[in-house]
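The structure appears below as structure tokens.
Atoms considered below: every heavy atom in the structure, side chains included; atoms not considered: hydrogens, waters and symmetry mates. Along the sequence shown, the residues carry numbers beginning at 1.
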Amino acid sequence: MRAPRAGWEPGAAGTGEDRVKKARPADGLPLFPEESSTAVVAKRPSKKEPAAKSRPKGGTASAPKGKKGRSARSRPPDSEEPKGGGDGAAAPEAPPAATPPRTRVTAEELGERQREISVAEFFTKNRHLLGFDHPRKALLTAVKEAVDNSLDACEEAGIPPDLAVEIAPVAGTEDRFRIAVQDNGPGIVRKQIPRIFGKLLYGSKFHVLKQQRGQQGIGISAAGMYGQLTTGKPVVIVSKIGKGKKAHRFEITIDTKKNEPIALKDEEIEWTPDHGTRVEIELQGEYLKGARSVDEYLRQTAVANPHTRLVYLDPGGETRIYERGSGSLPREVRAIRPHPHGVELGALQKMLEETKSHWLVGFLQGDFCRVGQKTAQEICAAAGLQPNARPKRIAREEADKLHRAIAATKIMAPPTDCIAPIGEEGILAGLKKEVDADFYGAASRSPSVYRGNPFAIEVGLAYGKPGGFGVEVDEASGKIRQTAKKKADESLLAEADEPVRLLRFANRVPLLYQQSACAVTKSVIATNWKAYGLQQPRGALPVGPAVLFIHMASVWVPFTSESKEAIASYPEIAREIRLALQDVGRRLATYLRKGRKLVDEFRKRSYIEKYIPHIGIGLQEILGLDDKEREKTVEILTETLEKSRRLD
């Protein structure tokens with residue numbers, strides 16, 4: 001043990017005095033004494049006086065005259081000098097109460113407390129991660145998950161989607177609703193129904209690299225779990241796989257400790273539709289109209305999916321029908337293998353262990369896309385590995401070299417038949433179907449790649465109330481005439497002094513929350529809209545009567561959370577969004593310049609036309625013309641005015 005510092009004196013511990021534990025050993029780790037828990041205590045000596053001597057056993061002596069006793073810092077604030085001279089000594093302070101010793105827990109006891117946590121049990125306590133953090137948002141999330149599953153099933157089966165959504169309040173309650181979503185899809189086989197709706201992280205989409213709305217196998221089962229948690233009611237599913245067959249009806253709950261479904265009812269029933277699925281969930285929620293509501297979500301879904309017919313019955317009993325704007329289904333997508341540039345080291349090691357190829361060169365060609373024999377030979381040579389090496393025998397160091405060699409090798413971009421963008425025609429059809437505007441524009445970028453995942457960015461724009469600038473050119477006569485502005489639907493098109501309405505989509509699914517955290521919003525704000533004729537405050541969305549539609553199609557959308565509400569800001573994604581916005585912005589700028597020029601020309605012509613009749617009267621007086629000749633002269637002057645002032 002090290003010796004105490006000079007000027008220090010060990011002594012008994014007192015109130016307010018410094019305590020020093022046993023010295024640490026040479027390795028710097030704390031010393032845990034086995035034989036004694038007594039600590040070495042030292043008192044700090046006064047700066048003005050030498051180290052104090054040990055107190056006599058008889059008691060506490062009073063301070064001598066002319067010298068101060070205890071300092072003000074060490075004296076209790078309410079203490080007073082004892083009265084009656086030196087005979088009145090202060091009463092000794094009561095010792096502090098002893099702290100009861102803590103119970104020591106052994107490693108065996110700690111080990112017995114450890115247990116596995118079910119994913120369903122985790123999301124039960126952390127439901128906000130899935131979008132069920134607020135009753136209003138929970139109602140929207142449940143509808144969204146059911147609608148997304150229905151659209152995916154119909155499109156994958158090649159059936160034009162025909163959906164029915166119903167939200168009804170539960171009688172006798174104010175905060176409970178029963179939602180029902182029915183589709184005309186292919187249906188679900190009986191043995192898969194319990195696991196699809198009663199087991200989290202179960203599905204067919206997680207390991208498939210192609211564009212689809214669902215990704216994780218959580219959504220619809222999490223909606224059922226939320227309903228079970230808030231109302232105690234099971235999820236009711238009715239599904240039929242073909243004409244002439246009976247439908248299967250299930251009532252399912254989730255065992256959250258095991259993440260397993262519990263089928264309370266399993267029966268066959270007669271059901272009118274030839275095929276399809278109907279899901280009913282009773283849950284606690286809140287229904288409000290306006291922004292970020294179920295109504296808004298369904299309307300935006302109709303815009304991004306013009307091939308869908310949607311019937312919606314809201315809690316008030318009002319029915320809305322969104323008819324198809326396009327009769328053609330999206331292009332069929334095909335699953336692709338992973339691209340080498342998008343695979344990380346850990347994933348590469350797992351692929352090496354699970355591959356069915358016997359040789360390394362075969363593994364590179366068979367388990368990745370865009371890798372031919374020549375490219376595989378280059379990768380093996382760069383990594384210093386033999387082409388006929390056994391993939392399952394490659395160690396971690398060799399896998400690291402292989403991963404670095406893949407990153408350094410130039411490989412063709414992945415194929416793009418795994419994604420199906422909406423297309424410019426589809427975007428325009430959706431906007432024109434739901435937004436009354438004067439100008440429509442769309443731009444669809446060529447597919448690009450981030451982290452080896454193909455994606456495409458599309459942008460649509462609807463601007464101006466119907467009637468535009470209030471004037472138009474008659475194509476037959478070339479005359480500029482004034483038009484009356486029509487009243488537009490205010491739910492989507494913003495006012496002239498409001499920020500533009502931004503509609504964000506990922507794989508045709510509307511994103512209604514976390515707008516400020518999304519890469520789409522950041523890219524729109526970073527674009528210089530003043531160059532395209534719109535006003536834009538610093539660090540904000542542009543201002544104007546417009547709807548801005550932005551869609552990202554990808555085999556794997558990089559959401560910022562499990563609730564799938566915002567897109568992560570990868571540089572490649574931000575760049576493509578910016579370029580698409582600039583493309584549409586240039587078209588908008590052309591429209592605005594022509595419109596403003598048309599208004600200016602109409603104003604000038606109107607100003608000149610006011611004086612043409614007076615010119616006719618003057619010519620009549622000078623030349624002695626009759627009234628018919630005067631009127632003909634005025635008509636000739638008007639036609640000359642219109643021909644001489646042409647619009648480019």
Side-chain angles (χ1 to χ4, degrees), residues 142-168 177-199 202-205 212-214 217 219-224 227 233-252 261 263-283 294 297-298 301-302 304-314 319-330 332-333 507-509:
V143 173
K144 181 179 79 71
E145 296 296 347
V147 170
D148 290 351
N149 282 5
S150 295
L151 290 173
D152 271 341
C154 292
E155 291 175 5
E156 194 167 357
I159 303 172
D162 195 343
L163 273 60
V165 179
E166 179 183 354
I167 303 177
F177 295 87
R178 189 170 187 84
I179 66 170
V181 178
Q182 181 175 327
D183 62 58
N184 63 331
I188 307 172
V189 295
R190 176 184 173 277
K191 66 178 181 179
Q192 291 293 342
I193 293 176
R195 290 187 173 273
I196 290 175
F197 294 93
K199 185 179 180 68
Y202 182 86
S204 60
K205 303 173 182 178
Q212 47 197 350
R213 292 171 182 82
I220 190 62
S221 53
K233 297 295 184 65
V235 183
V236 179
I237 305 102
V238 179
S239 188
K240 186 176 180 180
I241 61 174
K243 188 176 182 179
K245 298 184 178 181
K246 289 189 175 182
H248 294 281
R249 183 183 183 275
F250 278 85
E251 292 186 9
I252 295 173
L264 303 180
K265 282 190 179 181
D266 176 8
E267 56 188 358
E268 290 185 347
I269 63 172
E270 295 293 338
W271 201 36
T272 305
D274 293 339
H275 49 79
T277 302
R278 179 181 176 88
V279 182
E280 297 180 7
I281 303 174
E282 185 175 325
L283 49 77
V294 176
Y297 161 76
L298 293 176
T301 299
N305 300 270
H307 60 286
T308 300
R309 183 179 184 272
L310 182 61
V311 179
Y312 171 47
L313 179 62
D314 66 16
T319 301
R320 303 174 199 174
I321 301 177
Y322 300 97
E323 296 291 351
R324 289 186 178 89
S326 173
S328 59
L329 285 167
E332 183 179 1
V333 294
N507 286 349
R508 301 175 183 261
V509 178

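Evaluation of the side chain to side chain contact (heavy atoms under 4.5 Å, CB included) rule for K243 yields D274 as partners, not counting sequence neighbours. Scanning for side chain to side chain contact (heavy atoms under 4.5 Å, CB included) contacts around K233 gives T231, E282, with sequence neighbours left out. Residues passing the salt bridge (Lys or Arg N to Asp or Glu O under 4.0 Å) test with R324, sequence neighbours excluded: none.
The distance from the CD1 atom of I252 to the CG atom of D266 is 8.5 Å, given to the nearest 0.5 Å. Between atom CG of residue L313 and atom OG1 of residue T319 there is a gap of 4.5 Å, rounded to the nearest 0.5 Å.
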| request: Determine, step by step, whether D148 and R508 satisfy the salt bridge (charged side-chain N to carboxylate O under 4.0 Å, His left out) criterion, reporting the C-alpha distance in whole Å, the side-chain angles of both residues, the deciding distance to 0.1 Å, and the verdict. | output: CA-CA 9 Å; D148 290 351; R508 301 175 183 261; over 6 Å; no
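Minimum interatomic distance between W271 and K240 (heavy atoms only, all atoms of both residues): O-NZ, 3.0 Å. Shortest non-hydrogen contact noted between N184 and I159 is ND2-CG2, 3.5 Å.
Heavy-atom neighbours of E332 CD from other residues, nucleotides or ligands within 6.0 Å: at or below the threshold of 12.
Between K245 and E268 there is no salt bridge, since no side-chain nitrogen of the basic residue lies less than 4.0 Å from a carboxylate oxygen of the acidic one.
A donor atom on one side chain and an acceptor atom on the other are found under 3.5 Å apart for H307 and E155.
Under the 4.5 Å side-chain criterion, counting only non-hydrogen atoms from C-beta, T301 is not in contact with Y322. A 4.5 Å side-chain heavy-atom check between S239 and I193 finds at least one atom pair inside the cut-off. At least one side-chain heavy atom of N149 sits under 4.5 Å from a side-chain heavy atom of I220. In this structure the side chain of L151 reaches within 4.5 angstrom of the side chain of R213, judged on heavy atoms.
For the pair D183 (side chain) and T277 (backbone), a donor-acceptor distance under 3.5 Å is present.
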